[in-house]
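Each remark here refers to the structure printed beneath this line.
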Amino acid sequence: VAACRDTGYDWFEQLLQNLLKSEEDASYKPVKKACTQLVDNLVEHILKYEESLSDSDNKGVNSGRLVACITTLFLFSKIRPQLMVKHAMTMQPYLTTKCSTQNDFMVICNVAKILELVVPLMEHPSETFLATIEEDLMKLIIKYGMTVVQHCVSCLGAVVNKVTQNYKFVWACFNRYYGALSKLKSQHQEDPNSTILTANKPALLRSLFTVGALCRHFDFDQEDFKGNSKVNIKDKVLELLMYFTKHSDEEVQTKAIIGLGFAFIQHPSLMFEQEVKTLYNSILSDKNCSVNLKIQVLKNLQTYLQEEDTRMQQADRDWKKVAKQEDLKEMGDISSGMSSSIMQLYLKQVLEAFFHTQSSVRHFALNVIALTLNQGLIHPVQCVPYLIAMGTDPEPSMRNKADQQLVEIDKKYAGFIHMKAVAGMKMSYQVQQAINTCPQDPVRGFRHDESSNALCSHLYSMIRGNRQHRRAFLISLLNLFDDTAKTEVNMLLYIADNLACFPYQTQEEPLFIMHHIDITLSVSGSNLLQSFKESMVKDKKKEKKPSSDEETESDSNSGSESKSEEEASKPRRLRKRVNSDSDSDEENDINAVMKCLPENSAPLIEFANVSQGILLLLMLKQHLKNLCGFSDSKIQKYSPSESARVYDKAINRKTGVHFHPKQTLDFLRSDMANSKITEEVKRSIVKQYLD
């Protein structure tokens, strides 16, 4: 446990749970016996350790060893609290530990967590013992920081609600902080810039947090607390906390939102309030809103869902105990209906948080979505494209989590992934754009490490098993390169990168792509050249004669080819004849075409833009050919309708073949689409045309 302090203890809890579960119905229970011995010995070890400390000089120093012991006891209590019942009296004095180091706080928090689980199981605990615990917890709540307050209020909740019913004690504490908040609110309303407020800021922060924490564990609208008063406490608290979410100081806003999050766990229906919806959704969707506030709203939703999950599991366990007498299973359904409606309200904004530059925002958004999906609160189809996009995240833990969710969805709903695959690819490009810190560099579609894997390789590997789905997916991606699709050039580069690096396994896959590239090129490519030719100016002398377009058309059709057309179609013939002096030839060709360029340069830029898709496809085909070592004849012979077996051979990939479409990268880096038309730009476009 000491060694896994940073990585979490899930494995240990699973281990205990599974071992104890395996012997539930057995008459001989070795695991239970072992657990009892371990727990008893750890408690004894702690006491001996205390004695050794009191003899030595370093009194009151809580070492990492002690923290590990107490944490281990907590983990045992979490799985089987009965083990610690006889030791509760021994643990209680640790609540009065003097706090100076991180370790001391760990001790207090873990002891509070143990007592929270164990005290309600004690038979007839003594009055003094309970009163001492209540007072110790209250002192800690008043004195220490957020983590301690949280665990102590939680423990107080268990002790008061389940055992002592000492509501007056809690009500007094609540009123103390609630009163302070009301007073601070009215001072702020009178004069927002008053110096009193600055001096009272620590008190304000503590009150916001503590009022929230108390509302999470106690329902102050019960008669036990407020007596026969008609005041609606939860609405009053909502109003107070909402007031401070509009404060100018971000720290105050954050604490107010934390407080709200706590209150919503006790009263989830408050999340339907219009002002809460507006607050949460505007924080999540506002691009300029602070990252801390975004993260806090996502954390609130995460905590709410985790609590709901725990509640449901507990209800399930309670149900199993009484299920033999009852017939209807209606216990969990009401609250899951509520959390489902709540998540529908905030879902879109949470998903949009995936497109945030900061990885911490994406991290919490993904947690919320994973919890929502695991509890079955929403239909998964709307999340699929976003999860595909998150599967391209630079952080492996996030990628794996998103990929795992997709695998789960694919098991339950076949075909969903394929249905949303192209949308997911487009979204993944948006995520990459958001993450891209250097706007001058075009977004690329593969990992910049030794693997050079496609960012969407997991998506492809999920689809490739079904030939029909795979082909439909590949064709949809290639269709984006069509000049009529008007896809932006950087996205085309991103998709071409993915197509270049997908984990193809059989020869059929790249051959199918190359076959379709040929089809696209034969149509789009020649259309493009045709439209460029048409934009070129005819012979200068003719141009002076005011003539309608039709006349010119019939002219050129009647066989008197205009000069520019001849010039433009010359190069090929020239090349055949003269191989020696090709550079100056190219110069001549460029000059010949330059003479015929129209005054208005818009069609030129348009051509340069549209031709990127075609160039990328040419480069992609060449890359796949090099990568897989295919001969031209093999590519020509391929027919998609042939039986699958012919091309089922595995690919022999060549190493060190990288996809580097230089022309497109230059086009994007120089931002040609928005640049001024200079002679140089014109020349490069003419060269593109001739290529």
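The model shown is predicted, which means the values in this text are computed figures rather than measured ones. In what follows, every heavy atom counts, from backbone to side chain, and hydrogens, waters and symmetry copies are set aside.
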- Item | Trace of the side-chain contact (heavy atoms from CB on, under 4.5 Å) decision for Ser524 with Phe481 | CA-CA 9 Å; Ser524 295; Phe481 290 84; over 6 Å; no
- Message: What verdict does the side-chain contact (heavy atoms from CB on, under 4.5 Å) test give for Phe220 and Val237, after you've listed the backbone C-alpha separation in whole Å, the side-chain angles of each residue and the deciding distance to 0.1 Å?
- Response: CA-CA 10 Å; Phe220 291 111; Val237 169; over 6 Å; no
- Item | Partner set under side chain to side chain contact (heavy atoms under 4.5 Å, CB included) for Ser476, not counting sequence neighbours | Val422
- Nearest-0.5 Å distance that lies between atom NZ in Lys234 and atom CD in Glu239: 13.5 Å
- Message: Looking at Gln222, I'd like to know if its CD atom is crowded, meaning that more than 12 non-hydrogen atoms belonging to other residues, nucleotides or ligands lie closer than 6.0 Å.
- Response: yes
- Query: Is there a side-chain contact (heavy atoms from CB on, under 4.5 Å) between Met242 and Leu279 once you walk through the steps?
  - Reply: CA-CA 9 Å; Met242 284 301 295; Leu279 173 76; 4.0 Å; yes
- Hey, is the main chain of Leu305 close enough, under 3.5 Å, to the side chain of Gln375 for a donor-acceptor pair? yes
- Item | pair Ile369-Val350: side-chain heavy atoms closer than 4.5 Å | yes
- With Lys113 via side chain to side chain contact (heavy atoms under 4.5 Å, CB included) - residues at least two apart: Phe74, Asn110, His151
- Message: Do Arg362 and Ile435 make a side-chain contact, defined as non-hydrogen atoms from C-beta onward lying under 4.5 Å apart?
- Response: yes
- Message: For Ser359 and Glu395: C-alpha separation, side-chain torsions, deciding distance, then whether side chain to side chain donor-acceptor pair (under 3.5 Å) applies.
- Response: CA-CA 8 Å; Ser359 73; Glu395 293 186 26; 2.9 Å; yes
- Task: Compare every heavy atom of Gly391 with every heavy atom of Asp403, then report the nearest pair and how far apart it is.
- Result: OD1-CA, 3.6 Å
- Message: With a 4.0 Å cut-off on N to O distance, would you call Arg470 and Glu508 a salt bridge?
- Response: yes
- Is any side-chain heavy atom of Met419 closer than 4.5 Å to a side-chain heavy atom of Val381? yes
- Verify the distance criterion only: is there a donor paired with an acceptor across the side chains of Thr664 and Gln612 at less than 3.5 Å? yes
- Tell me, please, which residues at least two apart from Lys426 pass salt bridge (Lys or Arg N to Asp or Glu O under 4.0 Å). none
- How would you list, by chain and number, every residue that makes a side chain to side chain contact (heavy atoms under 4.5 Å, CB included) with Asn367, sequence neighbours excluded? Gln302, His363, Phe364, Lys401
- How about Phe446 and His448: are their ring centroids closer than 6.0 Å? yes
- Going by distance alone, is a donor N or O of one side chain under 3.5 Å from an acceptor N or O of the other, for Thr392 and Gln432? yes
- Note on the structure: In terms of heavy-atom contacts, Leu16 and Phe76 come closest through CD2-CE2, 3.5 Å
- Task: Compare every heavy atom of Leu459 with every heavy atom of Ala421, then report the nearest pair and how far apart it is.
- Result: O-CD2, 3.9 Å
- Does any pair with a residue in residues 369-390 pass salt bridge (charged side-chain N to carboxylate O under 4.0 Å, His left out), and if so which ones, sequence neighbours excluded? none
- Measure from the ring center of Phe512 to the ring center of His516 and say whether it is less than 6.0 Å. yes
- Partners passing side chain to side chain contact (heavy atoms under 4.5 Å, CB included) against Leu627 (at least two apart in sequence or in another chain): His623, Arg653, Val657
- Task: Determine, for Glu509 against Arg467, whether the closest basic-nitrogen to carboxylate-oxygen distance falls under 4.0 angstrom.
- Result: no
What donor-acceptor contacts under 3.5 angstrom involve side-chain atoms of residues 406-417, with partners at least two apart or in another chain?
from: Glu408; atom 1: OE2; to: Lys411; atom 2: NZ; distance (Å): 3.4

- Return yes if some donor-acceptor pair links the side-chain N/O of Asn436 with the main-chain N/O of Pro442 below 3.5 Å, else return no. no
- Message: For a 4.5 angstrom cut-off between non-hydrogen side-chain atoms, does Tyr9 reach Lys78?
- Response: no
- Query: Glu352 and Tyr386: side-chain donor and acceptor closer than 3.5 Å?
  - Reply: yes
- Give, for atom CG of Leu19 and atom CD of Gln14, the distance between the pair rounded to the nearest 0.5 Å. 10.5 Å
Only distances under 3.5 Å count here; give the side-chain donor-acceptor pairs of residues 488-502 to other protein atoms, sequence neighbours excluded, each with its distance to 0.1 Å.
from: Glu488; atom 1: OE1; to: Tyr429; atom 2: OH; distance (Å): 3.3
from: Asn490; atom 1: OD1; to: Val443; atom 2: N; distance (Å): 3.1
from: Asn490; atom 1: ND2; to: Val443; atom 2: O; distance (Å): 3.0
from: Tyr494; atom 1: OH; to: Ser428; atom 2: OG; distance (Å): 2.7
from: Asp497; atom 1: OD1; to: Arg444; atom 2: NH2; distance (Å): 2.8
from: Asp497; atom 1: OD2; to: Arg444; atom 2: NE; distance (Å): 2.7
from: Asp497; atom 1: OD2; to: Gly445; atom 2: N; distance (Å): 2.8
from: Asn498; atom 1: OD1; to: Leu455; atom 2: N; distance (Å): 3.3
from: Asn498; atom 1: OD1; to: Cys456; atom 2: N; distance (Å): 3.0
from: Asn498; atom 1: ND2; to: Tyr494; atom 2: O; distance (Å): 3.1

- Distance-minimising heavy-atom pair for Asn281 and Leu345: ND2-O, 3.8 Å
- Kindly write out the residues that satisfy salt bridge (Lys or Arg N to Asp or Glu O under 4.0 Å) with Asp219, not counting sequence neighbours, or none if the list is empty. none
- Message: Restricting to non-hydrogen atoms, name the atom on Cys383 and the atom on Leu347 that form the minimum distance, rounded to 0.1 Å.
- Response: SG-CD1, 4.5 Å
- Message: On a heavy-atom basis, which atom in Leu298 and which in Ala365 lie closest, and how many Å separate them?
- Response: CD1-N, 3.8 Å
- Query: Would you say the side chain of Gln253 lies within less than 4.5 Å of the side chain of Asn292, judging by non-hydrogen atoms?
  - Reply: no
- Query: Do the non-hydrogen side-chain atoms of Gln306 and Leu371 ever get within less than 4.5 Å of each other?
  - Reply: yes
- Taking the side chain from Asp393 and the backbone from Met398, do they hold a donor-acceptor pair closer than 3.5 Å? no
- Contacts of type salt bridge (Lys or Arg N to Asp or Glu O under 4.0 Å), residue Arg399, not counting sequence neighbours: none
- Message: When you compare the side chain of Val291 with that of His356, does any pair of heavy atoms fall below 4.5 Å?
- Response: yes
- Message: Could you check whether any side-chain heavy atom of Tyr346 comes within less than 4.5 Å of a side-chain heavy atom of Lys277, counting everything from C-beta outward?
- Response: yes
- Can you tell me if Asn300 and Gln296 form a side-chain donor-acceptor pair at under 3.5 Å? yes
- Message: Can you tell whether the side chains of Asp286 and Lys294 come within less than 4.0 Å, N to carboxylate O?
- Response: no
- How about Glu116 and Ser154: does a side-chain donor come under 3.5 Å of a side-chain acceptor? yes
- Task: With side-chain contact (heavy atoms from CB on, under 4.5 Å) as the test, would you mind laying out the steps for Ile79 and Phe12 before giving the verdict?
- Result: CA-CA 10 Å; Ile79 304 302; Phe12 185 58; over 6 Å; no
Would you mind writing out the side-chain donor-acceptor pairs for residues 254-276 within the sub-3.5 Å range, not counting sequence neighbours?
from: Thr254; atom 1: OG1; to: Glu250; atom 2: O; distance (Å): 2.8
from: Gln266; atom 1: NE2; to: Arg216; atom 2: O; distance (Å): 3.3
from: Gln274; atom 1: NE2; to: Thr278; atom 2: OG1; distance (Å): 3.4

- Message: Using only atom types and a distance under 3.5 Å, with no angle test, would you say the side chain of Thr372 pairs donor to acceptor with the backbone of Val368?
- Response: yes
- Query: Are the ring centres of Phe218 and Phe174 closer than 6.0 Å?
  - Reply: no
- Message: Which residues pass the salt bridge (Lys or Arg N to Asp or Glu O under 4.0 Å) test with Asp235, not counting sequence neighbours?
- Response: none
